[in-house]
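Take a look at the structure set out below.
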Protein chains: 2
Amino acid sequence: MHPPTARDEALAALRGMGERVTAPRAAVIEVLAGTAEHLSAEEVAASARGRGHDLHLATAYRALKTLSSLGLVRHTHLPGGSTTYHLSTSAGPRAHAHAACTSCGKVVDVPEEWLDDLVRRVRSEQGFELAPHHAALTGRCADCRPA
Amino acid sequence: MHPPTARDEALAALRGMGERVTAPRAAVIEVLAGTAEHLSAEEVAASARGRGHDLHLATAYRALKTLSSLGLVRHTHLPGGSTTYHLSTSAGPRAHAHAACTSCGKVVDVPEEWLDDLVRRVRSEQGFELAPHHAALTGRCADCRPA
DNA sequence: CACTATGACGCGAACCATTCGCATCTGCAA
DNA sequence: TTGCAGATGCGAATGGTTCGCGTCATAGTG
């Protein structure tokens, strides 16, 4: 009935780090564990409300920030100012960067290893440690790209 | 006295594209031509005011958007929501991408050719045409990076 | 198992960067 | 010189996110 869920894993991790396990935090984790999508804070709050939890937007932001700083959640800044969140469980999808289409807004996943050379180069020559998944790349997707 | 300035070059280009040459647009170009920095819209407006031009912030945004769409100005989205603008003249600095430190906010320039392999790969395998200079990469700079 | 204090929550207001609506003004082609 | 498409100035609106503050609950303590 209950395969070991990403949800339980994350909640256990939360507790293990000495953080409080509160209803809003659990709701956020539950929502993120229940989808493969990248959700905005607003979507997280809405989805939590749809499941019967009453989650204020500001609280969703706070929970997401906390979980991010603990490493349980990853967030990606999209051009246009919005931010998307997803769980970073061991069982989750492989690490990937994002590329957002400036025309239609579509986001495609870019395998993180495609960025390895760049990361190495920037590190060795500029001492800068890139976090490639943290901000989306931009460009034009196949559909919007000029011929 | 007057070497052919980036300012004149840009103004001529504006005119040549059949666009109106207005005082606000000229002021924006003048400000951007007068610095090697990347400026925010607010900084552009402030700097223009400092030079005696009266430039409303909304107008600065409109001018910057117009100039961007014409290719005379490039803009880069930084994490945190702000955007920086710089002239994209032939005489300007070499094309480069940006990497912003999530800790101290410092922005370092990354040679665009370091991204060539990535761009090629994403294009050939996903049909997505990256514009690497358009959004800043993120990470930790040499000073803020954990040892 | 009750008690308490630390830290989270809920709420609305505040904030920041950016955009919009609209009346007015102006560059530039005729 | 004139006409008008299009640009400006202004303030108000928007979208995303954070803050202040009074209230409430988790989790360690006795």
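Order of the sequence lines fixes the chain letters, A, B, ..., with proteins taken first and strands second; residue numbering starts at 1 for each chain.
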Report summary line: Axis-to-axis angle for the helix from C:dC1-D:dG30 to C:dA30-D:dT1, ends of five pairs each, to 10°, equals 20°

**Report entry** Along DNA chain C (nearest heavy atom to each residue), the more 5'-positioned of B:Ser82 and B:Val21
**Finding:** B:Ser82

Query raised in the report: Is a donor on one side and an acceptor on the other found under 3.5 Å between the side chain of A:Thr66 and the backbone of A:Arg62?
Result: yes

Requested in this report: Write down the distance between CG (B:Leu78) and C1' (C:dT18), rounded to a whole number of angstrom.
Outcome: 15 Å

**Report entry** Position toward the 5' end of DNA chain C (nearest nucleotide), B:Tyr61 or A:Thr66
**Finding:** A:Thr66

Report summary line: Of the listed D:dG9, C:dA8, C:dG10, the closest approach to the B:Thr59 side chain comes from D:dG9

Query raised in the report: What do the steps show when you test A:Glu42 against A:Leu57 for side chain to side chain contact (heavy atoms under 4.5 Å, CB included), and what is the final call?
Result: CA-CA 7 Å; A:Glu42 201 119 25; A:Leu57 184 53; 3.9 Å; yes

Query raised in the report: Could you state the CG-C1' distance from B:Leu14 to D:dA7, rounded to the nearest angstrom?
Result: 12 Å

Query raised in the report: Quick one: do the A:Thr138 and B:His134 side chains pair a donor with an acceptor below 3.5 Å?
Result: yes

Query raised in the report: Within this structure, what is the CG-to-C1' distance between A:Leu55 and C:dG10, rounded to whole angstrom?
Result: 10 Å

Query raised in the report: Between B:Leu39 (CG) and C:dT18 (P), how many Å, whole number?
Result: 13 Å

Report task. Report yes if a donor N or O on one partner sits less than 3.5 Å from an acceptor N or O on the other, where the partners are the side chain of A:Arg25 and the base of C:dA8; otherwise report no. Result -> no

Query - A:Ser40 side chain to A:Ser82 backbone, donor-acceptor under 3.5 Å - result: no

Report task. Select base, sugar-phosphate, or nothing to describe what A:Thr83 touches, counting heavy atoms under 4.0 Å on all strands. Result -> sugar-phosphate

Query raised in the report: Do B:Arg62 and D:dT8 have a side chain to base donor-acceptor pair shorter than 3.5 Å?
Result: no

Query - For atom NZ of A:Lys65 and atom C1' of D:dT17, their distance in whole Å - result: 9 Å

Query raised in the report: Of the nucleotides D:dC10, D:dG6, D:dT18, which one has an atom closest to the side chain of B:His56?
Result: D:dC10

Requested in this report: Assess the side chains of B:His38 and B:His98: does a donor N or O sit below 3.5 Å from an acceptor N or O?
Outcome: yes

**Report entry** Ion pair check, A:Glu129 and B:Arg140, cut-off under 4.0 Å
**Finding:** no

Requested in this report: Tell me which nucleotide among D:dG16, C:dA17, D:dG6 gets nearest to the side chain of A:Glu42.
Outcome: D:dG16

Query raised in the report: Side chain of A:Ser88, backbone of A:Arg74: donor and acceptor closer than 3.5 Å?
Result: no

Query raised in the report: Under 4.0 angstrom, heavy atoms only, what part of the nucleic acid is B:Thr22 near: base, sugar-phosphate, or nothing?
Result: sugar-phosphate

Report task. Rounded off to whole Å, could you give me the CD-to-P distance for the B:Glu19 and C:dC28 pair? Result -> 10 Å

Query raised in the report: In whole angstrom, what separates A:Asp54's CG from C:dG10's P?
Result: 7 Å

Query - Length of the CD-P vector between A:Glu43 and D:dT17, whole Å - result: 11 Å

Query raised in the report: Contact class for B:Ala58 (heavy atom, under 4.0 Å): base, sugar-phosphate, or nothing?
Result: base

Run the side-chain donor-acceptor check on residues 10-25 of chain B: report pairs under 3.5 Å with partners two or more places apart or on a different chain.
from: B:Glu19; atom 1: OE1; to: B:Arg25; atom 2: NH1; distance (Å): 3.4
from: B:Thr22; atom 1: OG1; to: B:Arg25; atom 2: N; distance (Å): 3.4
from: B:Arg25; atom 1: NH1; to: B:Arg20; atom 2: O; distance (Å): 2.9

